[in-house]
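Okay, so here's the structure we're looking at.
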There are 2 protein chains.
Amino acid sequence: MNVLFTFKIKDEQMERLQDRFPETHFAFNKDIDTAPIDDFEVIVTYGGDINTAVLERATSLQWLMVASAGVEQMPLAEIAEKGIVISNVRGIHKTPMAESVLAHILSLGRALPVLAEQQQRKEWKAKVRQTELRGSTAVILGPGAIGSEIGRLLQAFGVRTIGCNRSGNPAEYMNETIQFGDLLNVLPKADFVISVLPSTAETKYLLTEVHFKAMKPTATFMNFGRGDLVKESHLIEALKNGEIGHAVLDVFEREPLPAESDLWSLSNATISPHTSSHSGKYIERALEFFTENLTKWLSGDRELINLIDPKRGY
Amino acid sequence: MNVLFTFKIKDEQMERLQDRFPETHFAFNKDIDTAPIDDFEVIVTYGGDINTAVLERATSLQWLMVASAGVEQMPLAEIAEKGIVISNVRGIHKTPMAESVLAHILSLGRALPVLAEQQQRKEWKAKVRQTELRGSTAVILGPGAIGSEIGRLLQAFGVRTIGCNRSGNPAEYMNETIQFGDLLNVLPKADFVISVLPSTAETKYLLTEVHFKAMKPTATFMNFGRGDLVKESHLIEALKNGEIGHAVLDVFEREPLPAESDLWSLSNATISPHTSSHSGKYIERALEFFTENLTKWLSGDRELINLIDPKRGY
């Protein structure tokens with residue numbers, strides 16, 4: 001059994017794989033366009049280097065392990081036609097993203113930005129407005145893998161979680177789940193409104209002026225999904241008028257956020273340059289998915305985790 | 001039954017008490033030295049206003065409810081002699097303190113201070129060193145009420161917790177508990193070394209140069225207990241020499257931290273002016289303790305929560 005990595009992993013990670021799977025031959029070559037690839041049954045890739053020419057040359061290929069959360073850019077029709085199994089690392093972002101969301105919530109609640117400014121001035125001032133997270137309420141737009149992980153952590157802090165999805169069907173780690181259409185009813189209760197929604201026809205500009213007006217003037221709005229959930233102008237108005245207390249934004253209508261955007265300098269907006277999913281442990285986590293799947297594969301089990309139906313694309 | 005508050009609570013808090021306990025008369029007077037106090041069975045106080053003269057005048061006093069975590073400054077001998085029941089709000093700090101500790105850990109891990117600096121420069125730069133908390137190891141010095149609450153939250157984030165106390169007896173939410181004497185054995189494994197120890201003969205200068213040298217060069221040391229756990233000069237050396245990665249300090253040998261201290265300007269030190277226990281919900285939490293105890297008291301139950309033995313002082 002031959003496995004080709006087209007991205008670099010650490011020597012010790014490669015050694016660990018080799019120890020775990022002594023019968024398997026692992027190779028690394030980032031130059032898939034020119035490398036001999038006809039005898040590899042498995043290719044582990046970020047996905048961007050797989051095209052129809054590569055597929056033609058990969059005559060032994062049976063399984064494409066894509067170390068990325070999306071496969072939209074890949075030649076899925078050809079993959080389907082050749083009967084190649086394809087899997088990805090869906091869910092790999094949930095840990096760093098949920099940690100990012102909690103980091104922002106706690107940092108604002110415990111006034112860490114204020115303390116940092118005081119430190120710069122060498123100022124000892126203990127009278128700082130600090131709150132407790134415990135006992136507050138969060139609305140989570142998109143209680144899927146990432147949203148539920150956020151819900152799980154929030155519940156550990158004693159936060160009541162209200163999930164909001166298309167169906168209103170119950171979701172994990174949500175005290176309650178409602179449909180998109182009922183959002184206006186729960187917003188007045190929410191101390192945090194957190195979106196991890198993808199961009200779809202239904203979620204595009206889902207939030208408008210009325211939603212911000214319905215929120216508490218102390219509420220924190222957090223967008224960690226996609227920037228087109230709300231028009232930037234509506235959000236800026238809500239922040240300037242004090243309709244909400246604060247916004248933490250990891251995604252924007254236009255990315256990079258243009259220098260002329262008012263968001264950069266609003267004192268009640270926190271700008272994160274679409275980094276909430278980043279992690280120094282990304283490859284480690286991807287290898288955990290791969291190791292689990294390779295164990296299945298070698299035992300003849302083809303029910304891999306995060307299997308993708310190339311005809312549907314997910 | 002007459003209850004005197006010597007600190008101000010909100011009107012709605014007073015109304016809620018009155019609704020809950022309609023037979024009880026609640027009064028507020030912050031000027032206990034001159035107010036008539038001879039017909040109050042219960043006094044609710046922060047403690048600092050209770051002296052022997054007040055005790056002499058409080059001829060009906062049966063229960064002192066102290067809305068503070070310590071009672072060292074109070075006339076305990078006289079309280080004991082008069083047979084007055086005394087209780088406090090021990091444990092009230094655990095929620096804000098644990099939230100503060102997690103806020104700092106997550107904020108550093110997810111690089112929020114770096115993102116804040118970038119925002120000030122209107123700089124969109126996604127390449128920022130960010131880590132995951134999951135999978136790391138924390139040593140918690142003092143796994144009591146506060147330390148265990150920190151442990152509980154850390155475990156929710158997938159952190160392995162090692163408690164360290166005098167006895168080595170198991171403590172809640174610790175994967176393992178060791179004695180002070182075994183500390184050097186576990187420090188090399190720790191990503192976080194967090195102290196919430198009080199100041200006692202045993203904890204004073206418990207940490208010395210050897211301990212910092214034993215820590216990982218990437219470790220974060222957090223002191224949220226008492227400043228005399230470590231000599232400031234030892235800590236500064238460890239930070240300057242890169243023996244540890246970062247320090248987050250809420251307590252100091254001298255408070256306020258003198259302006260000439262190097263700690264203020266070290267890029268790998270975060271200064272918090274002894275605010276980690278502060279909370280906008282302090283009085284609310286104190287009233288929860290009081291309400292529970294008043295319910296017991298009125299039913300004749302004298303086994304109050306957080307009862308203090310005035311002869312021992314805790």
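Lettering follows sequence order; numbering is per chain, from 1.
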Heavy-atom pairs under 4.5 Å with chain A, option from [options] with the top count:
options	result
H274(B), H104(B), K125(B), E149(B)	H104(B)
L257(B), T131(B), I105(B), V128(B)	L257(B)
G135(B), G280(B), P256(B)	P256(B)

Is Q130(A) reaching over with its side chain to a backbone N or O of P96(B), donor-acceptor style, under 3.5 angstrom?
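No; zero donor-acceptor contacts below 3.5 Å.
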How close do [X] and [Y] get, heavy atom to heavy atom, and via which atoms?
X	Y	value
F157(A)	L153(B)	CE2-CD1, 3.5 Å
W124(B)	E255(A)	CH2-CG, 3.9 Å
A103(A)	S107(B)	CB-N, 4.1 Å
A156(A)	A156(B)	CB-CB, 3.9 Å

Counting only heavy atoms closer than 4.5 Å, note whether [X] contacts chain A via side chain, backbone, both or neither.
X	value
K127(B)	neither
S277(B)	backbone
R152(B)	side chain

Heavy-atom proximity to chain B below 4.5 Å, by part of L108(A)
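Contact with chain B: none, neither part.
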By number, which residues in residues 110-122 of chain B have some heavy atom less than 4.5 Å away from chain A?
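Contacts with chain A: R110(B), L112(B), L115(B), Q118(B), Q119(B), K122(B).
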Take a 6.0 Å sphere around NZ of K8(A) and say whether it holds more than 12 heavy atoms from other residues, nucleotides or ligands.
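Yes, NZ of K8(A) has more than 12 neighbouring heavy atoms, counting only those of other groups under 6.0 Å.
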More than 12 non-hydrogen atoms from neighbouring residues, nucleotides or ligands closer than 6.0 Å to NZ on K10(B), yes or no?
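Counting other residues, nucleotides and ligands, NZ of K10(B) stays at 12 neighbours or fewer.
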Name the residue from K94(A), K281(A), R285(A) that meets the salt bridge (Lys or Arg N to Asp or Glu O under 4.0 Å) definition with E132(B).
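The salt bridge (Lys or Arg N to Asp or Glu O under 4.0 Å) with E132(B) is passed solely by R285(A) among K94(A), K281(A), R285(A).
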Atom pair CG/CD of L133(A) and E99(B) - distance to nearest 0.5 Å:
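Those atoms lie 5.0 Å apart.
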